[in-house]
Protein chains: 2
Amino acid sequence: MPKPTFFNLPEEKRNLIFHHALLEFAQFPYEQASLSAIVNRAAIAKGSMYQYFADKRDLYKYLVQEVYQKKREFLQPVWDQKEKINFFELASQYYQRSWHFARQFPLHHQVTVNFWDSRDAAIREEILHKKEIRITEFSDMLELGLQSGVVSPEVDKDAVWFVYHAVAKALIDNFLDPDINAESHEAYINSVLTVLERGLRPRKEQ
Amino acid sequence: MPKPTFFNLPEEKRNLIFHHALLEFAQFPYEQASLSAIVNRAAIAKGSMYQYFADKRDLYKYLVQEVYQKKREFLQPVWDQKEKINFFELASQYYQRSWHFARQFPLHHQVTVNFWDSRDAAIREEILHKKEIRITEFSDMLELGLQSGVVSPEVDKDAVWFVYHAVAKALIDNFLDPDINAESHEAYINSVLTVLERGLRPRKEQ
DNA sequence: CCCCCATGTGACCACCCGGTCACATTAGTG
DNA sequence: CACTAATGTGACCGGGTGGTCACATGGGGG
């Protein structure tokens, strides 16, 4: 919801603003991010910013929307395989590709991480909305897993969603941990997913 | 590390200050919490606060320390059973009792939740310290589970820690969700733990 | 050339923050 | 009572914030 003026801008200037907003909101959550800092670093007059966006929240919402748009496109190839591979392979590929997204676009990634911690009431609504979308997508995946028999029919679906969501968030929060290099991180994701797949109880078979 | 003056205060006044600090830091994470708001609501002069504590962070560290002290005492009965019951029962009791803590002391609980989101550099050190303590405690528990045979020796211990920590944090963050009543919440915790225990793959036995 | 309108600007506003300090108040002691 | 030391106080400071507004700038068309 930027004002029309923003879209009349030459692309270069739009990118400049977007980039510096990205830098700021990647470093700080919404409440602590400073609009003054953004305009100073972008060498834009504060008043100009208010020609483009209604207020700080307007800018933030636009930024988050664009960031998630990019992430969704990045993950699309994984979703396209939904019917071809099983639940566990799909989950693995999903997190592996999310990790590559974080590597390639660390600022975008950090914005998504900070987004979930926001306390602003209006933004929390957006968060709940995004959460619902995830639940639906995950339920679809899980349903396919149940039908093909790779997922046990005994599990409590809500509990499974809860566990996967919790683990996904923790994985994503740690994607940029500098102590972990590429190879071991991919292995690590798979170790974690194996725990979810097989459980802690010993299995008699195999 | 409050100043000696603080401990010379009559207990009533100490409790007053503690209570209003609790209210503020339960509502906001460290950076967004307002010292001015605390002193105003407690009807204390701002200058007085600086007779008791070196600065905002000093007050916060003291508060967090007291809160975790209370929580540790509350959970002690569970740890005392460490040798008597198995890994999965212990985990269940641990989260059940954590949930009762959140119910009985919602402000204390909320302070612990906000604590983990803090970005202040000095406070992040405390966070890492608390995290190490948790890792050690959990490793001990898991080791007992392995020795007694209720936990599969094939699992990657680091991955198990990661999963349990992630799920614990998510459970705790949702403890005060008003949509969930007492009975169903206890059942919910057990459903989630069952997913971790048995995994998603169907089991041939049983 | 001038007029118009979209765009750019930065001083300025009210408000809030954490922290300080000169001074007032109180309580205990001889 | 007086003297001392501890404690209480709130106006004040410098610095930050999101947001505004009267005005400057510039480029295209009559």
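Each chain gets a letter, A, B and so on, in the order the sequences are listed, and its residues count up from 1. Not measured: the values here are computed from a predicted model.
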Q: What does A33(A) touch in the nucleic acid at a heavy-atom separation under 4.0 angstrom: a base, only the sugar-phosphate, or nothing?
A: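 Sugar-phosphate: the residue A33(A), judged by heavy atoms under 4.0 Å, touches backbone atoms but no base.
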Q: Output the rounded distance in Å from CZ (F28(A)) to P (dG16(D)).
A: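 After rounding, the gap between these two atoms is 13 Å.
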Q: Using a distance-only test with no angle check, is there a side-chain donor-acceptor pair under 3.5 angstrom linking Q65(A) and Q69(A)?
A: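 Side-chain D/A pair, Q65(A) to Q69(A): absent.
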Q: Rounded off to whole Å, could you give me the OH-to-P distance for the Y50(B) and dC13(D) pair?
A: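 That distance rounds to 17 Å.
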Q: L35(A) CG to dG10(C) C1': how many Å, rounded?
A: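 It works out to 15 Å between those atoms.
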Q: Taking only distance into account, with no hydrogens and no angle test, what donor-acceptor pairs under 3.5 Å do side-chain atoms of residues 30-46 of chain B form with protein atoms, sequence neighbours excluded?
A:
from: Y30(B); atom 1: OH; to: R57(B); atom 2: N; distance (Å): 3.4
from: E31(B); atom 1: OE2; to: R119(B); atom 2: N; distance (Å): 3.0
from: E31(B); atom 1: OE2; to: D120(B); atom 2: N; distance (Å): 2.8
from: S34(B); atom 1: OG; to: S36(B); atom 2: N; distance (Å): 3.3
from: S34(B); atom 1: OG; to: A37(B); atom 2: N; distance (Å): 2.9
from: S36(B); atom 1: OG; to: K46(B); atom 2: NZ; distance (Å): 3.4
from: N40(B); atom 1: ND2; to: S36(B); atom 2: O; distance (Å): 3.2
from: R41(B); atom 1: NH2; to: E24(B); atom 2: OE1; distance (Å): 2.4

Q: Can you tell me if NZ on K169(A) sees more than 12 non-hydrogen neighbours from other groups inside 6.0 Å?
A: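 Yes, the 6.0 Å shell around NZ holds more than 12 heavy atoms from other groups.
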Q: Tell me if the aromatic rings of F175(A) and H185(A) count as close, with their centers under 6.0 Å from one another.
A: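 Close enough - the centres of the two rings lie under 6.0 Å apart.
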Q: Restricting both atoms to N or O, compile the protein contacts to nucleotides 14-16 of chain C shorter than 3.5 Å, with distance only.
A:
none

Q: Over 60° means perpendicular and under 30° means parallel, so classify the ring planes of Y60(B) and F25(B), tilted if in between.
A: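 The rings of F25(B) and Y60(B) sit tilted, inter-plane angle from 30° to 60°.
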Q: Please work out whether the ring planes of F7(A) and Y62(A) are parallel, tilted or perpendicular, with thresholds of 30° and 60°.
A: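 If you compare the ring of F7(A) with that of Y62(A), the planes turn out perpendicular.
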Q: What donor-acceptor contacts under 3.5 angstrom involve side-chain atoms of residues 129-142 of chain A, with partners at least two apart or in another chain?
A:
from: T136(A); atom 1: OG1; to: E132(A); atom 2: O; distance (Å): 2.9
from: S139(A); atom 1: OG; to: I135(A); atom 2: O; distance (Å): 2.8

Q: Any idea how F101(B) and F105(B) line up, ring-wise: parallel (<30°), tilted (30 to 60°), or perpendicular (>60°)?
A: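 If you compare the ring of F101(B) with that of F105(B), the planes turn out tilted.
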Q: Can you sort out which residues in residues 55-65 of chain B have a heavy atom within less than 4.0 Å of DNA chain D? Ascending by number, please.
A: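 Correct list: empty, so none.
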Q: Using distance only, find each side-chain donor-acceptor pair of residues 74-87 of chain B under 3.5 Å and give its atom names and separation, not counting sequence neighbours.
A:
from: Q76(B); atom 1: NE2; to: D80(B); atom 2: OD1; distance (Å): 3.0
from: Q81(B); atom 1: NE2; to: Q93(B); atom 2: OE1; distance (Å): 3.1
from: N86(B); atom 1: OD1; to: F88(B); atom 2: N; distance (Å): 2.8
from: N86(B); atom 1: OD1; to: E89(B); atom 2: N; distance (Å): 3.0

Q: In whole angstroms, how far is the P atom of dA6(D) from the NZ atom of K3(B)?
A: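 So the two atoms are 14 Å apart, to the nearest Å.
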Q: Between F18(A) and H108(A), what is the ring plane arrangement, given parallel below 30°, perpendicular above 60°, and tilted in between?
A: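 The rings of F18(A) and H108(A) sit tilted, inter-plane angle from 30° to 60°.
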Q: Rounded to whole Å, how long is the line connecting atom CD of E24(A) with atom P of dG16(D)?
A: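 Value for this atom pair: 14 Å.
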Q: How does protein reach along nucleotides 4-9 of chain C, written 5' to 3' as B (base within reach of a heavy atom under 4.0 Å), S (only sugar-phosphate), or - (no contact)?
A: ---SBB
Q: Evaluate whether atom CD of E11(B) has more than 12 neighbouring non-hydrogen atoms of other residues, nucleotides or ligands under 6.0 angstrom away.
A: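 No - once you tally the heavy atoms of other residues, nucleotides and ligands closer than 6.0 Å, there are 12 at most.
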Q: Identify, between N40(A) and A54(A), the residue whose nearest nucleotide on DNA chain D lies closer to the 5' end.
A: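 That would be N40(A).
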